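One structure below.
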Amino acid sequence: MTKQRAFQRAVLGWYRERGRDLPWRRTRDPYAVLVSEFMLQQTQVGTVLPHYKDWLRRFPNFAALARASEAEVLHAWQGLGYYNRARNLHATAKIVATRHCEHFPRSIDQLQQLPGVGKYTAHAIATFAFDQPVAIIEANTSRLLSRLLDLRIPIDSTAGRNALWNSASALTPKKAPAAYNSALLDLGALVCLPRQPKCGICPVKRFCRAKNPKSLPIKRPRPGTKQLVEKHAFVVEHDKVLLEKSPARWRGMWILPPVKLDGFKPSSLPHPIYTAVFPFTNHRVALKVFRQRLRQIDNGKCWFPFRKLDSIPIPSPHRRAIDALLGLNVSSVHAQR
DNA sequence: AATGCGGGGGC
DNA sequence: GCCCCAGCATT
């Protein structure tokens, strides 16, 4: 038996015993697989799980998703972040429902034409939905392979990525590729951990070339975190709050209206009634909210009764701010100034 | 090659 | 505070 065969056998044997039972592995419906892959882009399994079932119940197939409005789609995506994924998934559903007449493309080239579908996602759908013998390179499998091969170049460089894709392709079996790829993912997620790899229980330890697994994978240095401050207005009237439909960043979502407080001297600057810090990737945003009186309702602003707030898309930091501010009664908010 | 995406969880 | 996560699109 070749070494490669022995490796595949060890991986599959371990998977039968210890692999994860995940809902998107109980189906080969391309739509269900696609939804899972979009949700899992840059997002951990544990975060995705609760949203996955809800999404499939609300949008059970391409046609249902294609029919939905953008607001419905963004609302259902709340809590997952990176909302471009939701917009891309929506756009993909429309393309499949119309241009492809509900016939989901099978070739990797065609898959990769769909918005939000890059190399990883195209290969993942090909293998998990259609059981094609192709490799998948993402966070788990790159870590596992970089250790297995003792790859000492950054995995997020062009050379590193190419090395990983090439090696992974050469290792992928023609038989049971979907199970094999699931197995590699689970080995990365459960055994070949980032900080504390469990080499003691690793079923492929005898194939691993890493002298110092903890030091791998190597990644390029990250840019320093950028500090930002953003100011928004809290305008309430009776049982309504004023929100603005964000034209730019949170496109299509409702946020507390941005305010400029340029006209104030530092000594007389208003005091925020709510402050929170929310970090993301390599940024750190200080969100400050100021109580304001209504001046005028210009384009894109709308009053929302408190009870309606649960049914519209609001980004998490703003929702937390609104929840916190509405949790206080008006007089106590006022008293904080 | 380098960013932006402006999330979320774990330690 | 930092690192990590079933990445993709844009420049």
Side-chain angles (χ1 to χ4, degrees), chain A residues 20 22-25 33-52 74 77-89 91-92 111-129 135-144 154-161 164-165 168 178 181-190 192-197 214 217 219-230 232 246 248-251 253 255 258 276-287 314-320:
Chain A
R20 291 175 293 185
L22 298 170
W24 43 88
R25 289 182 180 164
V33 174
L34 181 77
V35 168
S36 76
E37 292 304 338
F38 267 76
M39 288 187 173
L40 287 162
Q41 289 170 6
Q42 284 289 264
T43 305
Q44 295 177 189
V45 168
T47 306
V48 167
L49 278 173
H51 291 90
Y52 180 71
L74 293 174
W77 200 263
Q78 272 186 151
L80 285 165
Y82 291 121
Y83 291 90
N84 274 331
R85 295 182 294 167
R87 297 188 188 97
N88 285 333
L89 178 55
T92 285
L111 285 166
Q112 213 165 334
Q113 303 293 314
L114 299 168
V117 178
K119 184 167 184 178
Y120 163 74
T121 304
H123 284 234
I125 293 166
T127 190
F128 294 136
I136 49 168
I137 287 297
E138 42 66 70
N140 294 294
T141 54
S142 7
R143 184 172 58 251
L144 181 101
I155 59 166
D156 48 2
S157 66
T158 301
R161 276 192 294 267
L164 289 172
W165 277 104
N181 282 322
S182 300
L184 283 192
L185 282 172
D186 285 6
L187 266 179
L190 303 176
C192 199
L193 303 179
R195 301 168 207 263
Q196 289 293 336
K214 279 186 180 177
K219 295 185 181 177
R220 300 176 5 180
R222 301 179 9 153
T225 63
K226 298 179 175 104
Q227 316 272 335
L228 298 170
V229 179
E230 299 210 336
H232 295 268
S246 176
R249 192 167 290 144
W250 280 300
R251 189 156 44 88
M253 304 187 77
I255 62 173
V277 172
F278 74 97
F280 64 94
T281 49
N282 55 341
H283 296 263
R284 190 172 170 282
V285 178
L287 176 66
I314 300 174
S316 296
H318 285 248
R319 185 173 291 282
R320 283 195 292 271

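Keep in mind it's a predicted model, so treat the numbers as computed, not measured.
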Check: Closer than 4.0 Å, any side-chain N/O of A:S316 to the OP1 or OP2 of B:dG8?
Finding: yes
Notebook entry, point to check: Mapping A:S157 and A:V285 to their closest nucleotides on DNA chain B, which lands nearer the 5' end?
Noted result: A:S157
Notebook entry, point to check: Rounded to whole angstrom units, what separation is found between the CD1 atom of A:I125 and the C1' atom of C:dA6?
Noted result: 11 Å
Margin query: From NZ of A:K219 over to P of C:dC3, roughly how many Å is that when rounded to an integer?
Written below: 10 Å
Note to self: Would the base of B:dG7 count as contacting A:Q78 through its side chain, where contact means a donor and an acceptor less than 3.5 Å apart?
What the structure shows: no
Note to self: Is the shortest side-chain heavy-atom distance between A:E37 and A:Y120 below 4.5 Å?
What the structure shows: yes
Item checked: Any A:T158 side-chain N or O less than 4.0 Å from OP1/OP2 of B:dA1 -> yes
Margin query: Assuming nearest nucleotide by heavy-atom distance, tell me which of A:N88 and A:T43 is located more 5' along DNA chain C.
Written below: A:T43
Checklist line | Side-chain N,O (A:K226) to OP1/OP2 (B:dG6) below 4.0 Å | finding: no
Notebook entry, point to check: Tell me: CG of A:L40 to C1' of B:dG8, nearest whole Å?
Noted result: 13 Å
Margin query: Any side-chain N or O of A:N84 below 4.0 angstrom from OP1/OP2 of B:dC5?
Written below: no
Next item on the list: May I have the distance from A:Q41 (atom CD) to C:dA6 (atom C1'), rounded to whole angstrom?
Entry: 8 Å
Check: When you match A:R25 and A:V117 each to their closest nucleotide on DNA chain C, which lands nearer the 5' end?
Finding: A:R25
Notebook entry, point to check: Between B:dG6, C:dC2, C:dA6, which one does the side chain of A:R249 approach most closely?
Noted result: B:dG6
Check: How about A:N181 and A:T127: does a side-chain donor come under 3.5 Å of a side-chain acceptor?
Finding: yes
Next item on the list: Taking only the side-chain nitrogens and oxygens of A:R284, find out if one of them lies under 4.0 Å from OP1 or OP2 of C:dG1.
Entry: yes
Note to self: Counting the atoms with a prime plus P, OP1 and OP2 as sugar-phosphate, which does A:S36 contact under 4.0 Å by heavy atoms, base, sugar-phosphate, or nothing?
What the structure shows: nothing
Check: For A:T121 and A:Q41, does a side-chain donor sit closer than 3.5 Å to a side-chain acceptor?
Finding: yes
Check: Which nucleotide, in any strand shown, forms a Watson-Crick or G-U wobble pair with B:dG6, with both distances under 3.5 Å?
Finding: none
Notebook entry, point to check: How about A:W250 and A:Y83: are their ring centres within less than 6.0 Å of each other?
Noted result: no
Check: Of the candidate nucleotides B:dG6, C:dG7, B:dG8, which contains the atom at the shortest distance from the side chain of A:F280?
Finding: B:dG6
Check: Can you tell which of B:dG7, C:dG7, B:dG4 lies closest to the side chain of A:H283?
Finding: B:dG4
Check: Over how many whole Å does the gap from A:L185 atom CG to C:dG7 atom C1' extend?
Finding: 14 Å
Note to self: Under a 3.5 Å threshold, yes or no: a donor from one side chain and an acceptor from the other, between A:Q42 and A:R85?
What the structure shows: no
Check: P atom, C:dA6 versus B:dC11: distance in rounded Å?
Finding: 14 Å
Checklist line | Gap in Å between the two C1' atoms, one belonging to B:dC5 and one to C:dC5, rounded | finding: 14 Å
Check: With a 4.5 Å heavy-atom cut-off, do A:R284 and A:L228 have their side chains touching?
Finding: no
Check: Can you check whether A:G118's main-chain N or O pairs, donor with acceptor, with A:H123's side chain at less than 3.5 Å?
Finding: no
Next item on the list: Look at all strands and tell whether A:L114 reaches a base, only sugar-phosphate, or nothing, counting heavy atoms closer than 4.0 Å.
Entry: sugar-phosphate
Next item on the list: Assess whether salt bridge (Lys or Arg N to Asp or Glu O under 4.0 Å) is satisfied between A:R25 and A:D186, documenting all intermediate values.
Entry: CA-CA 12 Å; A:R25 289 182 180 164; A:D186 285 6; 2.8 Å; yes
Check: Which nucleotide in the set C:dC8, C:dC5, B:dG7 lies at the smallest distance from any side-chain heavy atom of A:A139?
Finding: C:dC5
Next item on the list: Provide, to the nearest angstrom, the distance between the CH2 atom belonging to A:W165 and the P atom belonging to C:dG7.
Entry: 11 Å
Margin query: Of the options C:dC2, C:dC5, C:dC8, whose atoms approach the side-chain atoms of A:Y120 most closely?
Written below: C:dC8
Check: Hey, are the side chains of A:L144 and A:L184 touching, using non-hydrogen atoms and a 4.5 Å cut-off?
Finding: yes
Check: Can you find a side chain N or O atom of A:W250 that sits less than 4.0 Å from OP1 or OP2 on B:dG4?
Finding: no
Margin query: Rounded to whole Å, please give me the gap between CD in A:Q42 and P in C:dC5.
Written below: 9 Å
Note to self: For a quick check under 3.5 Å, do A:E138 and A:T141 share a side-chain donor-acceptor pair by atom type?
What the structure shows: yes
Notebook entry, point to check: Contact class for A:W77 vs. all strands (heavy atom < 4.0 Å): base, sugar-phosphate, or nothing?
Noted result: nothing
Notebook entry, point to check: What nucleic acid atoms does A:I136 come within less than 4.0 Å of, heavy atoms only: base, sugar-phosphate, or nothing?
Noted result: nothing
Next item on the list: Tell me what A:G46 touches on the nucleic acid: a base, only sugar-phosphate, or nothing, going by heavy atoms under 4.0 Å.
Entry: nothing
Between protein and nucleic acid, restricted to nucleotides 9-11 of chain B and to nitrogen or oxygen atoms under 3.5 Å apart, what atom pairs and distances do you find?
none

Checklist line | Nearest-angstrom distance from the residue atom CG of A:L34 to P of C:dA6 | finding: 18 Å
